[in-house]
Amino acid sequence: MQVVIAPTGAEVGRLAAAKVASVVERRPDAVLGLATGSSPLAIYEDLAARARSGRLRVGAVRAFALDEYVGLPPEHPESYHSVIRRVATEPIGLDPALVHVPDGSAPDLDAAAADYERRIRAAGGIDLQILGIGANGHIGFNEPTSSFASRTRIKTLAPRTRRDNARFFDSAEDVPTHCLTQGLGTILEARELVLVATGEAKAEAVAGMVEGPLSSFCPASALQLHPAATVIVDEAAASRLQLADYYRYTYENLPAWQRFDDGGRSGDGSTGAGTGA
Ligand code: F6R
């Protein structure tokens, strides 16, 4: 696992976007895994800037969202169908026909989950999966004690997750109780993972993921099993990491062939403030 500590949330997003962009530059019809929530917004903004400036061609990019609420119609503004369209598909300029989201309104949710797995397989698997992390260590909506072998399925949202996501809804009771989510086994099959986290509220989960025992109690610790996982965090999210200095040293001394920072060449021509990492 590569751990990168960046000085700001914007820099976290820029570095992660550079990684996504390098995958798309190598493979114009790359299959991306998309997360929702606040964490990936800076990534999508940076990718949108790259696409607007013509530096990144995204017309053939395919994408699969990680999860969807059960029981929210796709046109509900907080359904992940709507969120993905609003924060990723439209601003980046992805082809909507190539962007998939689990069908949380399907009459048969087990069949919808199996169909989602089939569609990912038919696309040849996910090249790069973007991830955020919940304060309880979830990735996707794989709540604590999710099996490392799990596939896309219906899950009950943990009360803490519902509380954390209440900010997107009029009231806490409006947050759905269930979701369809890619499983940990599904996520681990992506060829590359990039997880971003910012803020003190994520520090404990980040420490559990990176330095804790491999345990479904912290589902994100599954990233320790993946051969190509990159975790990019800001200083606050890194604040509970025991080996933070080692991660900084490692990043400063990365061999050129392992670097993915493209020197702050984001789409609008601005330069990053440096990783400080
Ligand atoms: C949503 C998802 C979740 C979020 C996590 C963090 O698609 O996969 O795992 O990434 O709940 O959410 P934010 O980024 O809003 O703190």
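Note that ligands are numbered from 1 as they come in the structure, with each ligand's atoms numbered from 1 the same way.
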Residue, atom name and distance, where the atom is the protein heavy atom closest to [atom]:
atom	result
atom 5 (C) of ligand 1	His138 NE2, 3.3 Å
atom 14 (O) of ligand 1	Ser39 OG, 2.4 Å
atom 1 (C) of ligand 1	Thr36 OG1, 3.1 Å
atom 3 (C) of ligand 1	Gly140 O, 3.4 Å
atom 10 (O) of ligand 1	Gly132 CA, 3.3 Å
atom 6 (C) of ligand 1	Ile133 O, 3.4 Å

Is there side-chain contact between Phe64 and Thr186, with at least one heavy-atom pair below 4.5 Å?
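No; the side chains remain at least 4.5 Å from each other.
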Quick one: look at Asn165 and ligand 1, take heavy-atom pairs under 4.0 Å, and tell me if it's side chain, backbone, both or neither.
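No part of Asn165 is near ligand 1 at this cut-off.
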Heavy-atom distances under 4.0 Å decide this one: backbone, side chain, both or neither, for Arg167 against ligand 1?
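It is the side chain that touches ligand 1; the backbone stays farther off.
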Any Glu143 heavy atom less than 4.0 Å from ligand 1:
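No, Glu143 has no heavy atom closer than 4.0 Å to ligand 1.
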Before accepting this row, confirm whether a basic side-chain N of the pair [X]/[Y] lies closer than 4.0 Å to the acidic partner's carboxylate O.
X	Y	answer
Glu235	Arg248	yes
Arg121	Glu189	no
Glu78	Arg86	yes
Arg162	Asp164	no

